[in-house]
Each structure stands twice: as C-alpha cells, then as structure tokens.
Amino acid sequence: MDITLNGEPRSLANRLSVRQLLVEEGLGERRVAVELNGEIVPRSRHEDQLVTGGDRVEIVHALGGG
C-alpha cells in the first residue's frame with residue numbers, strides 16, 4: 001500500500017493504525033501531532049484510526065531547546 005508520509009512517498013506492507021505507524025517510525029513514545037488527509041487525528045484516536053492506501057500523513061514533533 002502506498003501513502004505519502006511527510007511529503008515523501010512510502011510503501012507499507014499492511015494497513016496500519018496511526019499508532020502502529022508511529023511505532024514503525026520510532027515515534028511511539030514521543031508526543032507528536034498527526035494530520036491525516038488534512039485533518040488532525042486526536043491522540044485518543046491513534047489506536048483506532050487506520051492509514052489506508054493513498055492517504056497523506058504528516059507527523060510533527062516538538063523539539064526542545066533553550
């Protein structure tokens with residue numbers, strides 16, 4: 001299945017939940033904002049929201065600094 005992740009084409013072997021995608025990307029434990037096809041996916045829905053072929057996913061995480 002092909003998606004666009006942060007503006008880059010990406011092929012995934014299976015349908016994943018947003019949560020599973022975050023884990024695959026090494027962001028499972030990070031506080032991130034996820035946008036799916038132009039709409040924010042609340043953290044409470046990350047486990048249930050599926051990513052499907054053709055979806056556009058944007059993942060943003062805050063960087064700390066001083």
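Scope of the values below: all heavy atoms of this structure, side chains included, with no hydrogens, waters or symmetry mates. Residues take their numbers from the sequence shown, with the count starting at 1.
- Two residues are said to be in side-chain contact when any heavy atoms from C-beta on lie closer than 4.5 Å; Pro9 and Thr4 fail this criterion.
- Within the 3.5 Å criterion, the main-chain N or O of Arg45 finds no donor-acceptor partner in the side chain of Asp48.
- Taking 4.5 Å as the limit, some side-chain heavy atom of Leu12 sits within range of a side-chain heavy atom of Glu24.
- Evaluation of the side chain to side chain contact (heavy atoms under 4.5 Å, CB included) rule for Gln20 yields Leu16, Ser17 as partners, not counting sequence neighbours.
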Could you go through the side chain to side chain contact (heavy atoms under 4.5 Å, CB included) check for Gln49 and Glu39 one step at a time?
CA-CA 12 Å; Gln49 180 67 56; Glu39 297 200 17; over 6 Å; no
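- Across all their heavy atoms, Arg30 and His61 have their closest contact at NH2-ND1, 3.2 Å.
- Judged by distance alone, with hydrogens and angles left aside, the side-chain atoms of Arg19 form a donor-acceptor pair with the main-chain N or O of Gly28 at under 3.5 Å.
- At a threshold of 4.5 Å between side-chain heavy atoms, the hydrophobic network of Ile, Leu, Val, Met, Phe, Trp and Tyr places Val23 and Val18 in two separate groups.
- What you find for Leu50 and Arg15 is that their closest heavy atoms are CD1-NH2, 3.0 Å.
- Closest heavy-atom contact between His46 and Val41: NE2-O, 3.2 Å.
- With Glu58 as the partner, the side-chain contact (heavy atoms from CB on, under 4.5 Å) test is satisfied by one option alone out of Asn6, Asn37, Leu36, Val32: Asn6.
- When the options Leu22, Val34, Leu21 are evaluated for a side-chain contact (heavy atoms from CB on, under 4.5 Å) with Leu27, the one that passes is Leu22.
- Looking at residues two or more places apart in sequence or on another chain, you find no salt bridge (Lys or Arg N to Asp or Glu O under 4.0 Å) involving Glu47.
- For the salt bridge (Lys or Arg N to Asp or Glu O under 4.0 Å) test, no residue two or more places apart in sequence or in another chain qualifies with Arg56.
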